[in-house]
J.: 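Pasting a structure here, questions to come.
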2 protein chains.
Amino acid sequence: MNSDFPIALHILGFLTARGGGPLTSEEMARTYGTNPVVVRRVQSKLSKAGLITSKRGVGGGSVLARRPEEITLRNAYEAVSPEPDILPRHPTSCDEVVPIVVGEFVNEICRDAESALLEQLETVTVKEMDRTVRRRIRKALNASRESRKRKAAS
Amino acid sequence: MNSDFPIALHILGFLTARGGGPLTSEEMARTYGTNPVVVRRVQSKLSKAGLITSKRGVGGGSVLARRPEEITLRNAYEAVSPEPDILPRHPTSCDEVVPIVVGEFVNEICRDAESALLEQLETVTVKEMDRTVRRRIRKALNASRESRKRKAAS
DNA sequence: TTATTTGTAACTGAAAGTGATACATATAAT
DNA sequence: ATTATATGTATCACTTTCAGTTACAAATAA
């Protein structure tokens, strides 16, 4: 799996946290520690899937196309990897029957696994992800504040 | 996912079909349409996991270390990919809190998916796979015989 | 008209994977 | 013992994939 899915969730989470105002690929890339074009490539896919809308020019950027409680992580996954993604590679193709049948058997197993993943992703909305991530960020920040306090006290 | 898992299932299925006699990497590679070394690399992992035993020298090769109904596809999967395999990549690491937390969140989701895959693989034995694959091979061969017959008749 | 931002194409460098060659090690047969 | 065979690995070459970058066209607000 490439990094499009994490980037997509980051974009959606970021837009949710912002709550309305448009965000540029530049800003999101800075926070994520990557290049704006990398973000835009994913942005573009999310746009085509109807999850966000993007506007060019001054004051442009992206906003959510639906409310965050109406976007599931499955929507995001399918937007960035439309074709089966958990399939194994197979060695150089040959016309023998046995390896072909075994290969198809393995593919079916992996497709089932991907279906299970999709069903699970469908139960989580971007809104819920946002809440979870925020909670953890608070915890992480508190922890680092605590450790600084301990250091200062010692 | 790399092609080790399909190759592992091919090896195990092949040894099951043979039913006792040792098979060389040379023979299996020929049927699979790949290089003997590629097969041996997977053989080696299956050996270390205790699923097959391999012997060097004249008359050597590999045999199943247990009965095929006592080897699950999960055993094969874990033998060839010990570490989580469905994880997404992440862009260049940075020390910001947000991308780290989002990245961990995504990793957890994918680990859950892999757990589901493993549980499913656990319910299928090499013996059962062998039966399924054999049945399909017979069907495929019959189909091609039928089509030859139709051609001959026309 | 100008500044800004998306949308893409094209290129580079790095990483992973498959396949191949080579050779050491083990083992059975002679 | 010697020889032939097969595994076990190291190493290299080739391909593919991906992240990151540069460059530029198209759109849009000021």
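Just the heavy atoms: all of them, side chains too, but no hydrogens, waters or symmetry mates, feed the values below. We name chains A, B, ... by the order of the sequence lines, and we start the count at 1 in each one.
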J.: Report yes if a side-chain nitrogen or oxygen of B:Ser25 is closer than 4.0 Å to either non-bridging phosphate oxygen (OP1 or OP2) of D:dT7; otherwise report no.
T.: yes
J.: Tabulate below the donor-acceptor pairs under 3.5 Å that side-chain atoms of residues 143-150 of chain B make, not counting sequence neighbours, or state none.
T.:
unit_1, atom_1, unit_2, atom_2, d
B:Ser144, OG, B:Leu141, O, 2.9
B:Arg145, NH2, B:Asn142, OD1, 2.9
B:Ser147, OG, B:Ser144, O, 3.1

J.: Which heavy-atom pair separates B:Pro68 from B:Thr125 by the least distance, and what is that distance?
T.: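 Closest pair (atom of B:Pro68, atom of B:Thr125, distance): O-CB, 3.8 Å.
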J.: Mind checking if B:Ser62 touches a base, just sugar-phosphate, or nothing, with heavy atoms under 4.0 Å?
T.: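 No contact.
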J.: For B:Asn35, report the nucleic acid contact type (base, sugar-phosphate, nothing); a contact means any heavy atom under 4.0 Å.
T.: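 Touches a base.
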J.: Expressed in angstrom and rounded to an integer, what is the separation of A:Ile7 atom CD1 from D:dC18 atom P?
T.: 12 Å
J.: Let me check something: do B:Met1 and A:Leu117 share a hydrophobic cluster, defined by ILVMFWY side-chain heavy atoms less than 4.5 Å apart, either directly or through other members?
T.: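 Looking at the clustering, A:Leu117 is in the same group as B:Met1.
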J.: What's the CD-C1' distance between B:Gln43 and D:dT9, to the nearest Å?
T.: 13 Å
J.: What integer distance in Å separates B:Ile52:CD1 from D:dG8:C1'?
T.: 12 Å
J.: Any N/O pairs under 3.5 Å between the protein and nucleotides 23-30 of chain C? List them or say none.
T.:
unit_1, atom_1, unit_2, atom_2, d
C:dT25, O2, B:Arg56, NH1, 2.8
C:dA26, O4', B:Arg56, NH1, 3.0
C:dT27, O4', B:Arg56, O, 3.4

J.: In the single-linkage hydrophobic clustering (I, L, V, M, F, W, Y; side-chain heavy atoms under 4.5 Å), do A:Leu9 and A:Ile137 co-cluster?
T.: yes
J.: To the nearest Å, how far apart are A:Leu23 CG and C:dT6 P?
T.: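 Interatomic distance, CG of A:Leu23 to P of C:dT6: 10 Å.
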J.: For B:Lys45, which contact category applies under a 4.0 Å heavy-atom criterion: base, sugar-phosphate, or nothing?
T.: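 Since no nucleic acid heavy atom lies under 4.0 Å of B:Lys45, the category is nothing.
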J.: Could you tell me if A:Asp112 and A:Ser115 have a donor-acceptor pair between their side chains, going purely by distance under 3.5 Å?
T.: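 There is no such pair between these side chains.
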J.: Can you tell me how far the CZ atom of B:Arg111 sits from the CG atom of B:Leu118, to the nearest 0.5 Å?
T.: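 Result: 13.0 Å between the selected atoms.
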J.: For the pair B:Glu114 (side chain) and B:Asp85 (backbone), establish whether a donor and an acceptor sit closer than 3.5 Å, ignoring hydrogens and angles.
T.: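 Between the backbone of B:Asp85 and the side chain of B:Glu114 there is a qualifying donor-acceptor contact (under 3.5 Å).
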J.: Tell me the interatomic distance from A:Ile11, atom CD1, to C:dG7, atom P, rounded to whole angstroms.
T.: 11 Å
J.: To the nearest angstrom, how far is B:Asp4 atom CG from C:dA16 atom P?
T.: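 To the nearest whole Å, that distance equals 14 Å.
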J.: Would you please confirm or rule out a distance under 4.0 Å between OP1 or OP2 of C:dT8 and any side-chain N or O of A:Lys48?
T.: yes
J.: Does B:Thr34 put a side-chain nitrogen or oxygen below 4.0 Å from OP1 or OP2 of C:dT18?
T.: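 No.
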J.: Mind listing the closest non-hydrogen atom pair of B:Arg66 and B:Gly50 along with its distance?
T.: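 Closest heavy-atom pair between B:Arg66 and B:Gly50: NE-O, 4.1 Å.
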J.: Just call it for B:Arg41: base, sugar-phosphate, or nothing, with non-hydrogen atoms closer than 4.0 Å on any strand.
T.: base
J.: Using heavy atoms to find the nearest nucleotide of DNA chain D for A:Val38 and B:Gly61 separately, return the residue whose nucleotide is more 5′.
T.: B:Gly61
J.: What is the distance, rounded to the nearest whole Å, between atom CD of B:Glu27 and atom C1' of D:dT7?
T.: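 My rounded result for the distance is 14 Å.
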J.: Side chain of B:Val37 only, please: which of C:dT21, C:dT5, D:dC18 is the nearest?
T.: C:dT21
J.: For A:Arg89 and C:dT18, what is the distance between atoms CZ and C1' respectively, to the nearest whole Å?
T.: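 In whole Å, C:dT18 C1' lies 9 Å from A:Arg89 CZ.
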J.: Taking 4.0 Å as the cut-off, does a side-chain nitrogen or oxygen of A:Ser3 come that near to OP1 or OP2 on D:dA19?
T.: yes
